[in-house]
Amino acid sequence: MLKAHKNNVCGDVYVKLIYVGMLFCFLLLTACSSTESIKHKKNVAVTHSVQTAEVQKGPYETEVMNQPSVVSYTAPEDPLRFINEPIFSFNNAAYEYVLSPIAAGYEKIMPEVIDQAITNFFYNLREPLYALNHLLQGNFAESWESIKRIVINSTVGLAGLFDAADDLMDIERNKTTFGNTLQSYGVGYGAYIVLPLLGPSDFRDTGSLTFNYFTHPLNFINDESAAQQLLIVDGVHEQVPVLSNYPKVLENVDNRYEFVRNLYMQNVQRDGQEIRKEAFSVNNKGGK
């Protein structure tokens, strides 16, 4: 019993040391913010063409605010609509009246330099997943770039708080998921589904979420309690930009369910085409 108590105390001390260390680095960042500039990378707006080169982050970004409320392409099949629509209605209320105001308040009071440091920190934790999935996709050069980013940002970047790999060596982040890996092998998305609170998804992407959860580097640290807390903070923090923009993006949309579904599926079809290198592949081969 004494040994168990000692382990618990050590675990608590370990967690507190992590938080104190992060707080110290955040204060250091604030002090240096007057001399250092933060890169602002914006997602490219979703257009009507499926030939867009950039990959959009999600269906609620501010860049789509000027898009019409009806996506101009054939509506996808939605065999699970009888389940999806009630879940979407729940999510819509939770986003608009609870989560979106909280996210907007967070963005308003949180200094940008600290928020960027938190973002960089969690991206650095996910970088091994990018390296693994690039490897599984046969993209060996991209996998090696991700490995270099891990080493540089974990050392020079102070545990990932700075994106030193990009800022100093122009090694940009190249995100990918297990869902992209499945796409590269021709695995279809299955069917469109709406997950409680998580929002629009599909069978393939849900499998990707499961894979990413169990292979996340945080699962391999000794303190399970600290790992779970950091995983939750990571997931919540990643959704802050989406949630804060949600009411503005969908403000004048008549049928929110169909708009979000169509936009999500348009991205799925476009991204799948890009990943499998199908677009213009025949014409490019012959140089015609």
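When hydrophobic clusters are built by joining Ile, Leu, Val, Met, Phe, Trp and Tyr residues whose side-chain heavy atoms come closer than 4.5 Å, directly or via intermediates, Ile114 is not grouped with Ile109. Under the 4.5 Å side-chain heavy-atom criterion for ILVMFWY residues, a single connected hydrophobic cluster contains both Val187 and Leu132. When hydrophobic clusters are built by joining Ile, Leu, Val, Met, Phe, Trp and Tyr residues whose side-chain heavy atoms come closer than 4.5 Å, directly or via intermediates, Phe90 is grouped together with Ile83. Neither Phe162 nor Ile147 shares a network with the other; the hydrophobic side chains, linked directly or stepwise wherever heavy atoms of I, L, V, M, F, W or Y lie under 4.5 Å apart, form separate groups for each. Linking Ile, Leu, Val, Met, Phe, Trp and Tyr residues whenever their side-chain heavy atoms come within less than 4.5 Å places Met110 and Val233 in a single cluster.
Distance check: Ser143 OG to Leu136 CG gives 8.5 Å after rounding to the nearest 0.5 Å. To the nearest 0.5 Å, the span separating CG on Asp163 from CE on Met169 amounts to 11.5 Å. Atom CE of Met265 is separated from atom CZ of Arg261 by 9.0 Å, given to the nearest 0.5 angstrom. Here CG of Leu99 is found 6.5 Å from CG of Leu197. Values are rounded to the nearest 0.5 Å. Here the CG-CG distance, from Asp223 to Leu218, works out to 11.0 Å after rounding to the nearest 0.5 Å. Interatomic distance, Asn120 CG to Gln116 CD, rounded to the nearest 0.5 Å: 4.5 Å.
When each of Asp205, Asp202, Leu209 is tested with Leu195 by the rule side chain to side chain contact (heavy atoms under 4.5 Å, CB included), just one qualifies, namely Leu209.
Smallest separation of non-hydrogen atoms from His134 and Ser146: CD2-OG, 3.8 Å. Closest non-hydrogen pair, Arg81 versus Pro86, comes out as O-CD, 4.0 Å. Contact detail for Ser244 and Pro241: the closest heavy-atom pair is OG-O, 3.1 Å. Of all the heavy atoms in Gln183 and Val268, the pair that sits closest is NE2-O, 3.7 Å. The two residues Val194 and Asn91 come nearest to each other via the heavy atoms CG1-ND2, 3.5 Å. Between Leu243 and Pro247, the shortest heavy-atom contact is O-CD, 3.7 Å.
At a threshold of 4.0 Å, the pair Arg149-Asp166 does not count as salt-bridged, since none of the basic side-chain nitrogens sits closer than that to a carboxylate oxygen. Looking at Glu251 and Lys248, no side-chain N of the basic residue comes within less than 4.0 Å of a carboxylate O on the acidic one, giving no salt bridge.
Side-chain contact of Ser89 with Glu85: a donor-acceptor pair under 3.5 Å is absent, judged by distance alone. A donor atom on one side chain and an acceptor atom on the other are not found under 3.5 Å apart for Tyr123 and Asn153. Side-chain polar atoms of Asn133 and Thr176 form no donor-acceptor pair below 3.5 angstrom. A donor-acceptor contact closer than 3.5 angstrom is absent between the side chains of Gln137 and Ser184. Side-chain contact annotation: Tyr257 with Asp78, donor-acceptor N/O pair under 3.5 Å present.
Put simply, the side chain of Asn139 never gets that close to the backbone of Glu142: no donor and acceptor are under 3.5 Å apart. Remark: side-chain polar atoms of Asn84 are paired, donor with acceptor, to backbone N or O of Leu80 under 3.5 angstrom.
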Check: residues 154-161 side-chain donor-acceptor pairs under 3.5 Å, at least two apart:
| from | atom 1 | to | atom 2 | distance (Å) |
| --- | --- | --- | --- | --- |
| Ser154 | OG | Asn124 | ND2 | 3.1 |
| Ser154 | OG | Ile150 | O | 2.6 |
| Thr155 | OG1 | Val151 | O | 2.7 |
| Thr155 | OG1 | Ile152 | O | 3.2 |

query = For Tyr130 and Asn174, what are the C-alpha separation, side-chain angles and deciding distance, and is it a side-chain contact (heavy atoms from CB on, under 4.5 Å)?
reply = CA-CA 7 Å; Tyr130 305 155; Asn174 189 356; over 6 Å; no

task = Determine, stepwise, if the pair Glu238 / Arg126 fulfils side-chain contact (heavy atoms from CB on, under 4.5 Å).
result = CA-CA 12 Å; Glu238 185 180 20; Arg126 291 195 292 270; 4.1 Å; yes

inquiry  = For Leu231 and Asn219: C-alpha separation, side-chain torsions, deciding distance, then whether side-chain contact (heavy atoms from CB on, under 4.5 Å) applies.
reply    = CA-CA 9 Å; Leu231 282 170; Asn219 290 316; 3.7 Å; yes

task = Please lay out, stage by stage, how Tyr95 and Val242 fare under the test side-chain contact (heavy atoms from CB on, under 4.5 Å).
result = CA-CA 10 Å; Tyr95 293 166; Val242 175; over 6 Å; no

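For Thr177, the side chain to side chain contact (heavy atoms under 4.5 Å, CB included) criterion is met by Asn180, Ser208, Asn212, not counting sequence neighbours. For Glu96, the salt bridge (charged side-chain N to carboxylate O under 4.0 Å, His left out) partners at least two apart in sequence or on another chain are Arg256.
For residues 210-232, the pairs satisfying ring-ring contact (aromatic ring centres under 6.0 Å, His included) are Phe178-Phe211, with sequence neighbours left out. For residues 189-208, the pairs satisfying ring-ring contact (aromatic ring centres under 6.0 Å, His included) are Tyr192-Tyr264, with sequence neighbours left out.
Under the 30°/60° scheme for interplanar angles, the aromatic rings of His237 and Phe122 are found to be tilted.
When hydrophobic residues (I, L, V, M, F, W, Y) are linked wherever their side-chain heavy atoms come within less than 4.5 Å, Leu129 remains an isolated member.
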